[in-house]
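Here's the structure, in structure tokens; my notes come after.
In this text, all values refer to a predicted model and were calculated from it rather than measured experimentally.
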Amino acid sequence: MSDKTTEIITLKQLCAELKLDPRECRERLRSAVRDSKKFPELAKARKARTPWQWAKGSVGEKEARSAVVR
């Protein structure tokens, strides 16, 4: 039986993995979303008042990682 569900990574999981403060990460992500030239997938995928989450291994997740680690 093959399971084709996409694994989701949340901001909470990302922060725990990178040992970062979630509040600081949200601030960095919000500023990254405004920079659509540098983070196009992040800006395109963001919807207000929804949880920060990405498909594991997606371009959006990679951009989120680079945005919070800068």
Side-chain angles (χ1 to χ4, degrees):
M1 178 163 67
S2 66
D3 188 22
K4 292 187 178 186
T5 59
T6 305
E7 194 173 339
I8 299 292
I9 185 164
T10 62
L11 180 63
K12 185 176 181 178
Q13 292 169 313
L14 188 66
C15 291
E17 182 182 319
L18 299 173
K19 295 177 178 59
L20 297 170
D21 177 41
R23 184 177 184 180
E24 193 175 312
C25 289
R26 282 192 303 275
E27 289 172 8
R28 290 179 182 182
L29 284 169
R30 283 193 295 266
S31 69
V33 165
R34 289 186 215 110
D35 188 0
S36 60
K37 284 189 180 14
K38 191 171 181 183
F39 302 102
E41 280 300 312
L42 209 53
K44 189 169 48 174
R46 181 66 188 145
K47 289 177 179 50
R49 305 219 179 260
T50 60
W52 290 99
Q53 59 187 19
W54 307 270
K56 195 168 187 111
S58 69
V59 177
E61 182 204 354
K62 289 180 179 85
E63 286 184 5
R65 283 179 186 276
S66 67
V68 297
V69 176
R70 33 177 168 139

Next on the checklist: Can you confirm whether Gln13 sits close enough to Leu18 that some side-chain heavy atom of one is under 4.5 Å from a side-chain heavy atom of the other?
Outcome noted: no
Next on the checklist: Could you report the tightest heavy-atom contact between Leu29 and Ala67, atom names first, then the distance?
Outcome noted: CD2-CB, 4.2 Å
Next on the checklist: Under a 4.0 Å threshold between the charged nitrogen and the carboxylate oxygen, would Lys12 count as salt-bridged to Glu17?
Outcome noted: no
Next on the checklist: Assigning hydrophobic clusters by single linkage (Ile, Leu, Val, Met, Phe, Trp, Tyr; side-chain heavy-atom cutoff under 4.5 Å), is Leu11 placed with Val59?
Outcome noted: no
Checklist entry - Considering all heavy atoms of both residues, which atom of Ser58 and which atom of Ala55 are nearest to each other, and what is their separation? => result OG-O, 2.8 Å
Item to check | Trp52 six-ring face occupied by Arg46 cation (under 6.0 Å, within 45°) | outcome: yes
Checklist entry - If every non-hydrogen atom of Cys15 is compared with every non-hydrogen atom of Pro22, which pair is closest and at what distance? => result SG-CA, 3.6 Å
Checklist entry - Under 3.5 Å, is there a donor-acceptor pair between the side chain of Glu24 and the main chain of Asp21? => result no
Checklist entry - Can you tell me how far CD of Glu41 sits from CD of Glu61, rounded to the nearest 0.5 angstrom? => result 12.5 Å
Checklist entry - Taking atom CZ of Arg26 and atom CG of Leu20, what is their separation to the nearest 0.5 Å? => result 12.5 Å
Checklist entry - Under a 4.5 Å cut-off applied to non-hydrogen side-chain atoms, are Trp54 and Leu14 in contact? => result yes
Checklist entry - Out of curiosity, Leu42 CG to Ser66 OG, how far, rounded to the nearest 0.5 Å? => result 8.0 Å
Next on the checklist: If we ignore hydrogens and angles and just use 3.5 Å, is the side chain of Lys62 paired with the main-chain N or O of Gly57 as donor and acceptor?
Outcome noted: yes
Checklist entry - Does any N or O in the side chain of Gln53 come within less than 3.5 Å of the main-chain N or O of Ile8, such that one atom is a donor and the other an acceptor? => result no
